[in-house]
Amino acid sequence: MTVTTHARSTHVRRAHATGAASTAVRPVLHAQRRPARVLAVFPYGVYLEIRTDQEPSVIALITGRATRLPNSVLLAEPLPTVEVDDDASVGDRAIELGPLTLGVRRWWDPAPQLGPLTAGALAASAALLTRPPNAGLAGNASVDLLASSCARGWLLGAVTAAEQLVGLGPGLTPSGDDVLAGLLVTLRHLGAATGAERAVRLAGWLAATVTYDARTRTTPISATLLHCAARGQASPEVIDVLRALAGRQALRPALCRLHGLGHTSGSDLAQGVGIGVETVLALGGAR
C-alpha cells in the first residue's frame, strides 16, 4: 500500500489496515476519539501527539525496521506520506492519519514479568555489566548523585538528582530522561523479581517526581516515555537486558543491541539500568 495524499485533503480515498499495538496505548485507543497532529516524521515511523490529559499522549506508528517503543503501534504495511503538523485522530478503537484508517488486531505487553530471582543470581549477572559506550552524561554530577543516593536509599538525594536530570540534554529523548527511564524500569522489574521492596518503593517516589510536570520540562515524546517507564514499560531491547540479568538469556548480545539504539539513547538507558541493578542489590541487602 502506497499512500501519497496530503493529510489535510478533504477528498481522499480511505485505506484500511490493521496493526499490533502495545497495551500501553490501549487507554487512548479505547477512549473517545480526540484530535491529534503529526509531531515528527521519520523513514520508519510517525509520531502523533494527541490532545488528551491521558498518557501516552504521543503514539508512535512504526514499521518493522523501527525501534519498538512501549507506546508503539506496528504496521505491516508502508506508512502514509504525511508532514509535521498534519491532522490526525486517535480513539474509538482506531487511528486516522491522512487517508489511512488503522485498527488494532493484536497486542503485546511492554512490561512483562520476569518471575522470581535471587539476589545472588542477580549479583553474578551484574558482574558482567559493561560500562556503556558514548553515554551522553558520563561523569555528570547529577547522575553521580542519583547513583549514590539510590544505592544508599537516600530519598531526598535521589529525588533532587532526578529533578535535575529531567529534560537534560539535546534530542527527542534527552540523555537525562533516558537514564531515568532505564533506572525506573529496572527498579520496578528487578526489585519485584528479587523481593527488594525498598527498591520498588523508591521507584514509586522517583516515578511521581519525574512524571509530575514532565510535559512542561522535556519533549512530548520523552515525557510519554517517562510515563511508560514509570509503569515498568520499555522497548524490547531494555526488557531483554533485564531478562538476561535474570538469567533468562545471554547478557552480552542483549547489551550490544541496547547500546546500538539511537545516538546515545541506548547507552543512556543502559547507564540507568546499571544504576538500578546496583540499587536493587544494595537495598535488597546483597551489597
Side-chain angles (χ1 to χ4, degrees), residues 20-26 56 67-72 74 106-130 132 146-147 150-151 153 158 178-208 210-211 225-261 265-287:
S22 163
T23 54
V25 307
R26 182 176 280 157
T67 300
R68 201 173 72 188
L69 297 174
N71 59 328
S72 294
L74 177 63
R106 299 184 307 279
W107 302 87
W108 83 82
D109 184 3
Q113 299 300 309
L114 298 180
L117 173 66
T118 66
L122 176 59
S125 297
L128 300 176
L129 278 176
T130 58
L146 180 70
C150 286
D178 286 330
V179 170
L180 290 169
L183 171 61
L184 288 171
V185 173
T186 303
L187 292 178
R188 290 286 191 196
H189 286 283
L190 293 183
T194 59
E197 295 182 2
R198 290 181 66 195
V200 177
R201 289 198 299 271
L202 177 61
W205 281 104
L206 290 175
V210 304
T211 60
L225 293 178
L226 282 174
H227 277 274
C228 288
R231 296 188 291 268
Q233 299 164 343
S235 67
E237 290 82 0
V238 176
I239 297 298
D240 283 349
V241 169
L242 299 184
R243 286 177 53 82
L245 288 165
R248 311 290 191 260
Q249 62 188 69
L251 178 58
R252 295 191 190 280
L255 279 172
C256 185
R257 290 191 295 272
L258 178 58
H259 292 162
L261 291 182
S265 284
S267 293
D268 295 330
L269 286 163
Q271 189 174 23
V273 170
I275 295 172
V277 170
E278 287 298 318
T279 301
V280 169
L281 291 174
L283 299 186
R287 281 284 189 271

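- Atom OG of S22 sits about 8.5 Å away from atom CZ of R68, to the nearest 0.5 Å.
- Taking 4.5 Å as the limit, every side-chain heavy atom of T118 sits out of range of all side-chain heavy atoms of T194.
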- Task: Begin from the C-alpha positions of L180 and L146 and carry the test side-chain contact (heavy atoms from CB on, under 4.5 Å) through to its verdict.
- Result: CA-CA 9 Å; L180 290 169; L146 180 70; 4.1 Å; yes
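- Closest non-hydrogen pair, A199 versus V280, comes out as CB-CG2, 4.0 Å.
- Listed for the H189 side chain is a donor-acceptor partner under 3.5 Å among the backbone atoms of G232.
- Expressed to the nearest 0.5 Å, how far SG of C150 lies from CG of L206 amounts to 5.5 Å.
- Note that the CG atom of L245 and the CG atom of L128 stand 9.0 Å from one another [nearest 0.5 Å].
- We find the OG-CG distance between S265 and L225 to be 9.0 Å, quoted to the nearest 0.5 Å.
- In the displayed structure, E197 atom CD is contacted under 6.0 Å by at most 12 heavy atoms of other residues, nucleotides or ligands.
- The heavy-atom pair separating P56 from N71 by the smallest distance is CB-CB, 4.2 Å.
- Just one of D240, T130, V241 meets the side chain to side chain contact (heavy atoms under 4.5 Å, CB included) condition when paired with L251; it is V241.
- Within the model, atoms CG of L242 and CG of L258 stand 9.0 Å from one another, a figure rounded to the nearest 0.5 Å.
- Applying the side-chain contact (heavy atoms from CB on, under 4.5 Å) test to P132 and every residue at least two apart in sequence or in another chain returns H259, S267, A270, Q271.
- R198 and G153 get closest at one heavy-atom pair: NH2-CA, 3.9 Å.
- Note that the CG atom of L69 and the OG atom of S72 stand 4.5 Å from one another [nearest 0.5 Å].
- Checked against ring pair (Phe, Tyr, Trp, His ring centres under 6.0 Å), W108 has no partners two or more places apart in sequence or in another chain.
- Other residues, nucleotides and ligands contribute at most 12 non-hydrogen atoms within 6.0 Å of the CH2 atom of W205.
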- Item | Worked verdict on V185 versus Q233 for side-chain contact (heavy atoms from CB on, under 4.5 Å) | CA-CA 7 Å; V185 173; Q233 299 164 343; over 6 Å; no
- Give the C-alpha distance, both sets of side-chain angles, the deciding distance and a yes or no for side-chain contact (heavy atoms from CB on, under 4.5 Å) between L269 and V179. CA-CA 5 Å; L269 286 163; V179 170; over 6 Å; no
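- Closest non-hydrogen pair, C228 versus P70, comes out as CB-CG, 3.9 Å.
- The minimum heavy-atom distance linking I275 with A147 is given by the pair CG2-CA, 3.7 Å.
- Counting heavy atoms from C-beta outward, P110 and I239 have side chains that stay 4.5 Å or more apart.
- Nearest heavy-atom pair across G191 and V200 is C-CG2, 3.6 Å.
- A donor-acceptor contact shorter than 3.5 Å is absent between the side chain of R257 and the backbone of L255.
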